[in-house]
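In what follows, chains carry the letters A, B, and so on, assigned in the order in which the sequence lines appear, proteins first and then strands, with residues in each chain numbered from 1.
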There are 2 protein chains.
Amino acid sequence: MYEDLKYWYLRDHKLFRTLSFGQIRQLCIITGFKKAKKGEIIYFSSSDLPRIFLLKKGNIKIVAVDEDGNETIKDIIQKGDLFGELTLEADSQSNEYAKVLSDDVAICSFLMSDFEDLLLRNPSLALSYTKFVGLKMKRIKNSYSNLISKDAKTRLFQFLKDWAEKEGKKIGDKVVIENYLTQNDIAQIICTSRQTATQLLNEMETNGTIIYSRKEIIITDIRKL
Amino acid sequence: MYEDLKYWYLRDHKLFRTLSFGQIRQLCIITGFKKAKKGEIIYFSSSDLPRIFLLKKGNIKIVAVDEDGNETIKDIIQKGDLFGELTLEADSQSNEYAKVLSDDVAICSFLMSDFEDLLLRNPSLALSYTKFVGLKMKRIKNSYSNLISKDAKTRLFQFLKDWAEKEGKKIGDKVVIENYLTQNDIAQIICTSRQTATQLLNEMETNGTIIYSRKEIIITDIRKL
DNA sequence: ATAGATTTGTCGGCTAGATTACAGTTCCAC
DNA sequence: GTGGAACTGTAATCTAGCCGACAAATCTAT
């Protein structure tokens, strides 16, 4: 029963929609399943065998720690997203962990090697997966080129716009976003200092562009960026 | 005869080494072949059918032009590299062109759709290709995170190190790089202004770290970064 | 050889945003 | 509800590196 659930979880992802039950079952043989609560830290890169994860519920952030101990946010993973060794190449030296942002999360995972086998037997899945990785790459390129050529304010605008698009609830021209990020998180995502982020957010609030609280962010008029 | 050459060109790439002659021939049916000279501009993104290109000889830079007309260097492609619609997803809106940096180049290409067919018939190729794209993504992530967290000097060092590693000729502790880039190119690659790049390069020269000329760059001691 | 055109060298002034440093708020656990 | 921890607000410095401006060097074509 618990097992059946996992099938459905995978089945849900657009990538796996074309697969038969049998194929998904194959993937699931050694599948892991995990629940965690807010603030918990999940180490996944250096863990035993390389895996690919699917976040079934909630939000997490992927944090990388460099030699000097500096932490950078690599990615925000939302419900339905895949993460982990997406490149199918285990890299041991990267030091990353995931931190739970929402109240709780559900994660399922499968072994990279199982996935590879599946891809080998399933060329059209391999093709879609390549496109999937390609798309991810394109997104990264895009967001980075934003980081480089635009100033902090523009980056914040862009970030809010993206966030609203992905998760916001539209109510007329207003968009309401559930705010599970601290200002520090936001600052790290748009690559600026916490203080600058605070200042910009407050500025936007006095402008009337947004209504900010720790619980939610309301964009008063999405058309004005 | 000319045709045969193309087979060998593709065959050369590590990605295609596992393929049979017949398979490569299949790819080559509608293959293009092109030579160009220094300074020439090759439009490739918006061109007719989406293609994947293999640079057989020389160096080119991929330049993207944004709405405001700003030019950014997206990539430096070297002999043996693939470029074009690597994600297997034609994107019409991106406005990119290639400019020839070396004296002359030879480029061969094949249609994305042909390549897709080949991948479908060849799962293990599909898998290697996925890993190949994944690796590319990892490289991009890496270089971008450099851009963001390091200062201009460190970025220049890193760039020179990478360049030396890829193309330099080692002579003891010295490394000689054929310099086909202007200081402006270098500046764009490491995302700084031309003036800053000039200053840093001169500084390195007076330090004795490098010997710079328009023809070549000599790194006097590669171990000192 | 000579005239452009392209690349390099150099110099101040200027600004976005980092950094430091505290104070005020909100949250959560006991 | 109380104390501490985690967030948020604000202000005063300080600096890397951008920008404009121009001169010098080097390359290229006729």
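Here the side chain of B/R214 is nearest to one of C/dG17, C/dT7, C/dT25, namely C/dT7. With C/dG17, D/dA16, D/dT8 as the candidates, the nucleotide lying closest to the side chain of B/D151 is D/dA16. In the set D/dT8, D/dC18, C/dT8, the nucleotide with an atom closest to the side chain of B/T192 is D/dC18.
Summarising the geometry, the separation between CD1 on B/I186 and P on C/dG9 is reported as 11 Å, rounded to the nearest angstrom. At whole-Å resolution of the value, CD in A/E205 and C1' in D/dT8 are 12 Å apart. The interatomic distance linking A/K150 (NZ) with C/dA16 (P) rounds to 17 Å, in whole Å. Between the C1' atom of D/dA5 and the CG atom of A/N184 lies a distance of 14 Å, rounded to the nearest Å. When rounded to the nearest whole Å, the span between CG of B/L200 and C1' of C/dT8 equals 14 Å. The distance between atom CE of A/M204 and atom P of D/dG9, rounded to the nearest whole Å, is 14 Å. In this structure, NZ of B/K153 is placed 15 Å from P of D/dT15, rounded to the nearest angstrom. Rounding to whole angstrom units, CD of residue A/Q199 and C1' of D/dA11 are separated by 9 Å.
Between A/T154 and A/D151, the side chains place a donor N or O and an acceptor N or O closer than 3.5 Å (distance only, hydrogens not considered).
Nearest-nucleotide positions on DNA chain D place A/R194 closer to the 5' end than the other of B/S193 and A/R194. When each of A/K215 and B/L181 is assigned the nucleotide of DNA chain C bearing its nearest heavy atom, the one mapping closer to the 5' terminus is B/L181.
Residue B/T196 places none of its side-chain N or O atoms closer than 4.0 Å to OP1 or OP2 of D/dG17. At the phosphate of D/dT10, OP1 or OP2 sits under 4.0 Å from a side-chain N or O atom of A/N202. For the OP1/OP2 pair of D/dG9 and a distance below 4.0 Å, the side-chain nitrogens and oxygens of A/Q183 include at least one atom meeting the criterion.
Paired with A/D75 under the rule salt bridge (Lys or Arg N to Asp or Glu O under 4.0 Å), one option of A/K136, A/K61, A/R139 passes, and it is A/K136.
A perpendicular orientation is assigned to the rings of A/F115 and A/Y129, their planes being inclined by more than 60° (bins at 30° and 60°). The aromatic rings of B/W163 and B/Y180 sit perpendicular to each other, their planes meeting at more than 60°, with 30° as the lower class boundary.
Contacts of A/Q195 with the nucleic acid, taken as non-hydrogen atoms under 4.0 Å apart, include base atoms. Within 4.0 Å of B/T182, counting heavy atoms only, lie sugar-phosphate atoms of the nucleic acid but no base atom.
Across all their heavy atoms, A/I177 and A/I219 have their closest contact at CD1-CD1, 4.1 Å.
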